[in-house]
Amino acid sequence: MAANNRRMSGKKGAQVGSGGKRRRGLEGKGPTPPAEMRKGHAKQRAAQAKTRRAQGRPQRRTGGKSSSELVVGRNPVVEALREGVPASTLYVQQFIDNDERVREALQLAAERGGINLMEAPRPELDRMTNGLNHQGLVLQVPPYEYAHPEDLTDAAYDEGEDPLIVALDGVTDPRNLGAVVRSVSAFGGHGVVVPERRAAGMTAGAWKTSAGTAARTPVARATNLTRALEAYKKAGITVVGLAADGDVELGELDALEGPVVVVVGSEGKGLSRLVGETCDLRVRIPMPGGAESLNAGVAAGIVLYEAARRRA
């Protein structure tokens, strides 16, 4: 029996076949899949964004919230309420002189609804405002909830449009931010991106300058603007920086017809070095009058108008 076992152990075992791979290799890959099924295609991204929203999934993440803000003084409070600046509470000093501005502030707050009216003694308002001349009126503006940079592109693809986004580099004046938000809204853009640090945020001043358009135009905040721009580039979006010494003139910029992010620097300093190096193109706005530079709001408005004209 032992001899038989030795003879059997020398037999050749089962052979591993190709598993049909050779036959399948001759069959070809079949017809080209539709754009919605091709990885990385713009239509696939748009379809995925639409599916996420239809299923009610939460956004990837937000850009965080700003801190609450106080608008102090009778005229500033009335102007903020007139311009639709978001507000949670209107503080009114006890035994205040009831002049026309106080009456208008109370009326506007009541008409808008959702604003708490609180009566407070003068020492309490002094403490809240760190001794500023509040004149008996203080308006509390709730924290602004920023979007994430990727949410802006998702919203554009969800609408079947190429993204048109403005990014601000080193712009510290909230009024410039508000003006850019207003221009983005007017010319069909999909949002504004600002850095988290050393940049203007959505304060009451920015809300006022936006003339109410901040309610429908998202502002995203990026922890690092350079990395956010690089992510846009990887997604197939052209990043264009405005520079007085740009190689391309605005009228020759065909990139505005497709997905694009327009980066605007601060007046005087322009784009920072890293941001400028990240841009695919550096574009100049012709200025026959000889001005050295334009502020961010005006420069963004000119480029957005040109983009809207080309896309019409």
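Positions are given from 1, in the same order as the sequence printed here. Hydrogens, waters and symmetry mates play no part in the numbers below; they use all other heavy atoms, side chains included. Note that the structure is predicted; figures quoted are calculated from it, not measured.
- Looking at residues two or more places apart in sequence or on another chain, you find no side-chain hydrogen bond (donor to acceptor under 3.5 Å, both in side chains) involving Asn133.
- Scored by the side-chain hydrogen bond (donor to acceptor under 3.5 Å, both in side chains) test, Glu249 finds no partners at all (sequence neighbours excluded).
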Return all side-chain donor-acceptor pairs below 3.5 angstrom for residues 71-84, not counting sequence neighbours, or 'none' if the list is empty.
{"residue": "Arg74", "atom": "NE", "partner": "Gln135", "partner atom": "O", "Å": "2.7"}
{"residue": "Arg74", "atom": "NH1", "partner": "Asp99", "partner atom": "OD1", "Å": "3.4"}
{"residue": "Arg74", "atom": "NH1", "partner": "Asp99", "partner atom": "OD2", "Å": "2.7"}
{"residue": "Arg74", "atom": "NH2", "partner": "Gln135", "partner atom": "O", "Å": "3.3"}
{"residue": "Glu79", "atom": "OE1", "partner": "Lys208", "partner atom": "NZ", "Å": "3.2"}
{"residue": "Arg82", "atom": "NE", "partner": "Glu104", "partner atom": "OE2", "Å": "2.8"}
{"residue": "Arg82", "atom": "NH2", "partner": "Glu104", "partner atom": "OE1", "Å": "3.0"}
{"residue": "Arg82", "atom": "NH2", "partner": "Glu104", "partner atom": "OE2", "Å": "3.1"}

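- A search for side chain to side chain contact (heavy atoms under 4.5 Å, CB included) contacts involving Ala200 returns Pro174, Leu177, not counting sequence neighbours.
- Taking Arg273 as the reference, Glu277 meet the side chain to side chain contact (heavy atoms under 4.5 Å, CB included) condition, with sequence neighbours excluded.
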Side chains of residues 226-233: which donor-acceptor partners sit under 3.5 Å, not counting sequence neighbours?
{"residue": "Tyr232", "atom": "OH", "partner": "Pro149", "partner atom": "O", "Å": "2.7"}
{"residue": "Lys233", "atom": "NZ", "partner": "Thr278", "partner atom": "O", "Å": "2.8"}

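- With sequence neighbours left out, the side chain to side chain contact (heavy atoms under 4.5 Å, CB included) criterion links Ala199 to Pro195.
- Through direct or relayed side-chain contacts under 4.5 Å between Ile, Leu, Val, Met, Phe, Trp and Tyr, Leu274 connects to no other residue.
- Closest heavy-atom contact between Leu117 and Ala109: CD2-CB, 4.0 Å.
- No side-chain donor-acceptor contact under 3.5 Å links Asp280 and Thr238.
- For the side-chain hydrogen bond (donor to acceptor under 3.5 Å, both in side chains) test, no residue two or more places apart in sequence or in another chain qualifies with Gln94.
- In this structure, Arg122 and Ile96 have side chains that are not in contact, with every pair of non-hydrogen atoms separated by 4.5 Å or more.
- For residues 180-195, the set of pairs meeting the side chain to side chain donor-acceptor pair (under 3.5 Å) definition, not counting sequence neighbours, comprises Glu161-His190, Ser185-Arg216.
- In this structure Glu119 satisfies the side-chain hydrogen bond (donor to acceptor under 3.5 Å, both in side chains) test with no other residue, sequence neighbours excluded.
- Scored by the side chain to side chain contact (heavy atoms under 4.5 Å, CB included) test, Val303 finds Leu242, Leu250, Leu256, Val262, Ile285 as partners (sequence neighbours excluded).
- Other residues, nucleotides and ligands place no more than 12 heavy atoms under 6.0 Å from the CD atom of Glu100.
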